[in-house]
Amino acid sequence: MPATGKRLTLQRRTPGEGPDAPSPEPAAEPGATRREALALSSLGAMAALSACGDTPEQAVPYVREPRGVTPGEAAYYATGFMLSGVVQPVLATVREGRPVTLAGNTDHPASRGAADPFTLASILGLYDPGRETAIRRDNRIVPRSDFERMLVSARARWAAGAKLRILTGASTSPTLHRQIAQLQAVYPDAARVQHEPAFPAGAPAGPRLGEARTVISFGADPLGPGPMQTVEAGRWADLRRAARGGAEVTRLLVAEAEPTLTGARADLRLPAREDRLEILANAVGGGATGELSALERSFVAEARRALRRGRVQVLAGDTLPDRLRRRIESMGDVARPAPVLDYGETLAFDTLLSELEAGEVDTLVVLDCNPVQTAPGDIDAADLLQRGGQVIHAATQRNETSLFAEWFLPLAHPFESWSDGQAGDGSFVVTQPLARPGSDLFGPHEVLEHLLDQGGAGDLESVQETWRDRLPAPFEASWMKAVHDGIAPGGPPSSLQNAAQQNASSSEGGEGAFEVLIRPDPSVWDGRFAGNIWLQELPRPLSKTVWRNAAQISPADAARLSLEDGDLVRVRAGDAAVEAPVSIQPGLAPGAVVVTLGYGRKLGDGEAEGRGYDAYTLRTLAQPFRRAGTVEPTGERADLVTTQHHHTMNGHHFVRTVAPGEGVEHCLDTGASLYPGWESGEREWAMAIDLDLCIGCNACMTACQSENNTPVVGEEEVDKGREMHWIRVDRYYSGADENPDIVFQPVTCMHCEQAPCEMGCPVNATVHSDDGLNLQVYNRCIGTRTCQAYCPYKVRRFNFHAYSQRDPSEPEARRNPEVTVRARGVMEKCTYCVQRIQAADITARLEDRGVKEGEVVTACQAACPTGAIIFGDQKRPESAVAQAKADARAYDLLAELGVRPRTSYLARVSSRSGDAEDEA
Amino acid sequence: MSPPPSHSIHGPPQAGETSGPYTLSGVTDEIAGITLNHPTRLRWTIGFGICSGLVVLWLVSIAVLFTRGVGVWGVNVPVGWGIAISNTIWWIGIGHAGTMISTLLLMTGAAWRTSLNRFAEAMTLFAVICAGTFPILHLGRPELLFWLIPHPDQLGLGPNFRSPLEWDVFAVMVYLLVSLLFWYVGLIPDLASLRDRARDRFGQIFYGVLAMGWTGSGRSWANWRRSYLIIAALGPPLVIGLEGGVSMLLAGGPIPGWHTTIFPPYFLLEAVFSGFAVVAMLAVLLRSAFGLRSLITRDHLGMLGAMMLITGLMTAYCYAMELFGAWYSSDSFERQTALDRLFGPWAWAFWGAVILNFATIQAFWIKSLRRNGLLLFAVALLVSIGMWLARYMLVVSALARDYLPSSWGDYWPSFWEWTLFAGSLGLFGWLFFLFIRFLPLISMFEIRELVDEDEPGGDQGDRS
Amino acid sequence: MTRTLLAEFETPGALVRAAKRLREAGFERFETYSPMPVKGLDVLTRANRRRIDASALAWGLAGFALAFAVATWMSVVQYPLNVGGRPLFSWPAFFLPSFEFAILAAAIGVLVALFRTSGLPRLHNPLFDDPGFARASGDRFFIAVHADEADEDRFRAALEPVGAHDIREVGA
Amino acid sequence: MAQIFSRSADAWLRLGLTALAGVVPAALLVLAFTAVQPTDFSSDINVAEQQPVPFSHRHHAGELGISCVNCHVSAQTGASAGFPPTQTCMACHSQIWTGAEALEPVRQSLLTETPISWNRVHDLPDFVYFNHSVHVGAGVSCASCHGDVSEMALIQQVEPMTMRFCLDCHRDPHERLVGRDSVYDPGILETGERLSVFEATANITNPNALDSCNACHR
């Protein structure tokens, strides 16, 4: 029975089944190996490189100083992180050989310094204590020579025509494509199979947003989490900014089932089940509107008006059927930009499945992919993997698939190996390693080289081989430049077919009251980040839930089924069912339930094991994203932890919304005071956050966490209300629950000039600096928590336990040495990245000058894909922050308190209430 | 300046003035006997044992707290202050009745205080000790407590004298020391009595050293009375200063529900109210435990009931004014907090406090009811609980829901917070049991002053 | 050779009368002992009010000045910090701790003055040699005088009529 | 009643009370003042730590006159002055004193690729961010914190390295400023001229800002 295939208890592959029967000696428990791995971490090699010993009494200099390393100074390397096939260009900060933080590559047009939370958090994977370092055969550690011996006979078989299949995720790496082609040249029946669970095969093809004045979206979420978020959000922000200059207004009309980040920014949003989108699209395209509801009719009317006006782009969701999608996307007069991302020639996943079923495959190489977990529920991948043939699983840590593979190859982390690929805009990036991998780790390209020939060239040689022809001569110089800059020349191939479209399966059919929407998770994506504790604790943009997945249902359905947040329900689709806690999602279309992938892991990714439910079981090969199903209350309660418990602004206007061209009034706190003012210092650091550009993506939160060593506290502590994020993104709903306005507001320390917290502290642990920072001196803090009590914004965070010393997944080696690690019993909060201010100040002093505008960039500011966060010296009238504060939309949060916050907000612009520049 | 009238043996009869069969030696024997003969050995041992058990619980709670961090409590963001702070305010408030009875009534010459003041002062002292422990324990890094006290150091940095918390450090410390001092000065003559009656060497030395060689000479009595009066005069300002400081701990922050000018008098009245309740409880208990019905008379109980009624009504007025102030401010945040307290998540605490504090004391309009020991005890107990609820509500409701709904939270005390609170009750009882075991629980010499000694050959004229 | 003579009385009234008689009889230096303050004696043995009051005031003022000076010096001179944008010399805020400290100092001043004016502590006192003197802290009233042989008769003559219970020489 | 206490008891009691009232606070004050002005006894000052290699600053910096930055290369450019890698030692000692017994650990270090573990003499707490380059750039003499190392056979701490020590200079740096050119002269404080804060470095426009907490704590 296929549906239950996924639910079997995982067992170690029985010895003796494979072609070469190994000795039956049992290996260590999987759980135990993870603990052991703490000591065996591949970073052990790097620890020896660190400049200073941990014990304070000892000073241990290098024997030979590595080139380019100055103890105490950071080095920066451009590289990239491939997320679902698309490379995110990053700039890594490396200290004493330890990669510490990531930021977007400022020089790369696809990033412009910004990055999404997945990318920013990916650095933690490098330090994952669960990483595997040994080659294993049937779970037993074997020497590398065994593996190489095995390959000798295998190569002979492949050369003779045996089927060699390589299963990978989506990849735009030209080196991978070249190596596959090379394999195919040598072995007659070699092929690559692509399995990317988050997307219909091949998507995304490239940026979707064009230069339109109005965007109408049917289920598309260009601003949502995923590999294209940074690029799309950047484009969207550019359009928005450009329109602000002129009289034009950009508008966004969204019809979608579950509220997405795109929907949250819509001027007009219509909640509609996904199976309703076709009818709506037909109506917009001129079809009958008779059977539509009033709400739907007004959306259709608005969309038609926009279409008549022109400069409209119409987007369709990736998961819609091809036919419908093409029809929708042809409606506007602004076409979708041409596809730019090349995923290479691949065999379809279902072809591989039938080959496996038939036992035809000689060797299956699973390269950084976990099909046992991520295959649809109607596929018993575990069984298929054992139908004869040899399975080689290469991954950074052992997971569900490893249990059914004879061979396990420890894969180097992407930041330990050379590779390449395309960024979201189609441009190429050569990604360089930031750290030296442990001796037995394989780079992905190295694995393929091993399949090819005896010697097995390294990653660097493979990648260089690819680029030898592509780079202008002389090769050495242009190679160095490409690596250094993180940008490789060359655009996308000219004749790209939109490969995505061929496999977007239709999802109609099935009986059931609910439309079960199966989506990648905003926190752990398809499950690959399940072991990443930063992402686990990152509140999901809308539901603000953390640490496990929930089933989202609409308020109307919740009322009908008498469900509350945290009630356990059984979501059933076909034969499969999962039990999930309910999260009531305002704005979700009634009749739809959203489940997210990536949880319910059975092995691997330490933190994730056994957490949440496995939504892959609800999938079928034919219907991976939408199924018909039911939701049944079980009467039980389940853990569901959120960081925000109240969802409305309670009649206030913390987030202000204005019509285009309007400003806000009396909203900057420049209030009079009985106290004589303090003479301002040389500089006045200040921040402005443009709520019109904020899309609630959480990139700022992750960037801040990695920059400032903010500890992760775990699910139980979050439940107690003790999360430590220095910057949070408040999300408010206003209006009716069925279709509320959704607004975001990043809130962090406002650095009030008349700070109440400073008055409260009895030991002067929080005081003001000369340049206007509200300082928190950890080593002076005794933990009275008065400052927290007095803070009207509640942005202060307290170390109730020794959070920084608790979690091995966030090791000391990862920490930013520029920021003090806080002890138990100490208050902490946003410092405006004082370490960056100090660094800039020191640089400026050494050069006998002042700090320049733009020289200090806070971590949150750098990460923001829309540039919503502006920071600088407000004392200079020409600075960006001073100008932002002079904007008509500028206001201070809780200005009436008279605390004179240094952080101001710019009101959000919405043209929801009628279109001013309409035909009228 | 006339001498304090309370010292007059012949002043006009006052409410509760001790009279009756007592002689000078009878008074001394009865009260000193409690200390020296330990008449209630079994009951005392049981009570002391129970309290010792609670003290052990208290110590365990502290050990857990210090090893695992303040996270073992339920405190969080936004409610960083939990019942640790509300307990502090509650305990401090209880203490004030002792000071008020001793000082204000001494200065106004209310002679009925003499039966109550000694143990009321002891109660003050122990309540302040209990109060003082909580702010220390609630620190994230209690080992650095000394940074709160100005001292020369290598940092070149002192405490922040603008912080209400710093004021409270001074206020609580001073209150503790001055209360101790006042108590001790009042004890010296009685310690001499015990010294002279102690039969064993240990007792003689113990009481002898503490009595400092007091002889009761005319000169020392005169000096003593002057000194006692001056220290007493320092009491009320001290209490006002302290409650001002404690209330500013909340009122000093810009938090709706805290940030009002009514807090200092409001806190003071609440404090004295709850203090009288605890004095009443102790009075009823001691009275029945040691058979002191003629020393602590029904008149005394009636006076305590009346004081509870008066201070309770004044407190009720403050409650009303606080709500009125919230409404009259037209500030939506203030109103929101008031509504939260009235009808929201803290309604149980608010209405619990209102019913326990104000409904109960209405019984005391009737004289016979407030002279009824059992009823007085019951009402006083309810008022103590009610006042605890009031403090809890005040601290928690304002913090849990202040300005931005995004950071609204909730708070429930954890197991270890409750044990710490129970432990502090035990500590109070433990100290109190030690007190009644080793020190005279009623001021002997002041009772002596009230004894209407039948003087053979007395000359009334000479005595005026 | 002076000796200490002790006269014992049963009531406060007797003590007061006796003291008056002694004064009339020309005894300038005698001391009464009683288990509680005896009202009528005020006229005869006055408190050293000036010393006690002055001590309280002086200590109180000094305490206030010290605390205020420390607060001011630490906030303004030692490390001038911008705390919440408030002035360095935030005198109204400094007032409260200074006031509290003043009270503590005043109370200590009173205690010191009490001890000094009353000759305390004095654990060893010749009067304690008298076996009956223990009742001075219970129910008996005493007058003691240092007297030589000549005065003893005068002493007895003055006190016996007012009801001295017993007149004896301490330590005899 | 009999006397409870002997005649001498009063003397003892008064002594005890005096101790309580006088000696205890006085002792606390003394303790506090040693914190303000640490003595050799209460701190690590003037303690010569034994080192794995008997390296003499007196010989190298004093008699040979090798500049500080020859070995502590990043003092001018980085936060940390840097401990010289074994390579640096061997740059000279592969030529001179090649057989010296004292240098055996250094040769072994290079041979076995094992770093030499020096005992730290100047150690600031982890929450203090001291940046060498900005001090060197401002013309603060090395000797003002490290003393005259040309006189030290074994390196030792000469200044208390307390917060007050740092603050004194941050508030009034005059005594320590010798100008960028003379920074490395170990004896400069004995002989050299002092510069005003404005002469020493052009960009300190507001010397009062130097005692903001964020100058050292982040």
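In this text, all values refer to a predicted model and were calculated from it rather than measured experimentally. Order of the sequence lines sets the chain letters (A, B, ...), proteins ahead of strands, with each chain counted from 1.
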Rounded distance (nearest 0.5 Å) linking atom CZ of C/R86 with atom CG of B/N160: 10.5 Å
Whether C/R49 side chain and B/A222 backbone form a donor-acceptor pair below 3.5 Å: no
Residue among C/A107, C/P97, C/A136, C/S90 with most heavy-atom pairs under 4.5 Å to chain B: C/P97
Rounded distance [0.5 Å steps], CG in C/L120 versus CE in B/M212: 8.5 Å
C/F99, part contacting chain B, at a heavy-atom distance under 4.5 Å: side chain
Minimal non-hydrogen separation, B/P150 against C/V70, with atom names: CB-CG1, 4.0 Å
Interface residue of largest heavy-atom contact number with chain B, from C/L111, C/I103, C/V83, C/I108, under 4.5 Å: C/I103
Minimal non-hydrogen separation, C/L88 against B/R162, with atom names: O-NH2, 2.8 Å
Contact winner vs chain C - B/S217, B/S220, B/A192, heavy-atom pairs under 4.5 Å: B/S217
Most chain C-contacting option - heavy-atom pairs closer than 4.5 Å, from B/L181, B/I231, B/T28: B/L181
Best-contacting candidate, B/Y175, B/F161, B/F170, B/F182, against chain C by heavy atom pairs under 4.5 angstrom: B/F161
Exercise: identify the closest heavy-atom pair between B/G213 and C/F128: O-CZ, 4.4 Å
Polar side chain donor-acceptor pair, C/S137 to B/R197, under 3.5 angstrom: yes
OH (B/Y184) with more than 12 external heavy atoms under 6.0 Å: yes
Side chain / backbone / both / neither for C/P87 at chain B, heavy atoms under 4.5 Å: backbone
Gap separating the CD1 atom of B/I230 from the CG atom of C/L114, nearest 0.5 angstrom: 10.0 Å
Side-chain heavy atoms of B/L238 within contact of C/E100, under 4.5 Å: yes
Residue C/A56 versus chain B: region with a heavy atom under 4.5 Å: side chain
Nearest-0.5 Å distance, CG of residue C/D53 to CG of residue B/L229: 9.0 Å
Structural part of B/I188 lying under 4.5 Å from a heavy atom of chain C: side chain
Backbone N/O of C/S34 and side chain of B/W221: donor-acceptor pair under 3.5 Å: yes
Atom pair CG (C/L123) and CZ (B/R195), whose distance is rounded to the nearest 0.5 Å: 8.5 Å
Donor on one side chain, acceptor on other, C/S118 and B/W224, under 3.5 Å: no
Gap between atom CZ of C/R122 and atom CH2 of B/W214 - 0.5 Å precision: 14.0 Å
Where B/F445 and C/P37 come nearest, the two heavy atoms and their spacing: CD1-CD, 4.0 Å
Main-chain N/O of C/I52 paired to B/R226 side chain as donor or acceptor, under 3.5 Å: no
Closest-packed option against chain C by number of heavy-atom pairs under 4.5 Å, given B/G235, B/G245, B/P237, B/G208: B/P237
Heavy-atom closest contact (C/M74 atom, B/P159 atom, distance): SD-CD, 3.8 Å
Winner by heavy-atom pair count (cut-off under 4.5 Å) against chain B, out of C/F142, C/Y79, C/F141: C/Y79
Interface residue of largest heavy-atom contact number with chain C, from B/G158, B/G244, B/S227, under 4.5 Å: B/S227
C/L104 vs B/L234 side-chain heavy atoms within contact, under 4.5 Å: no
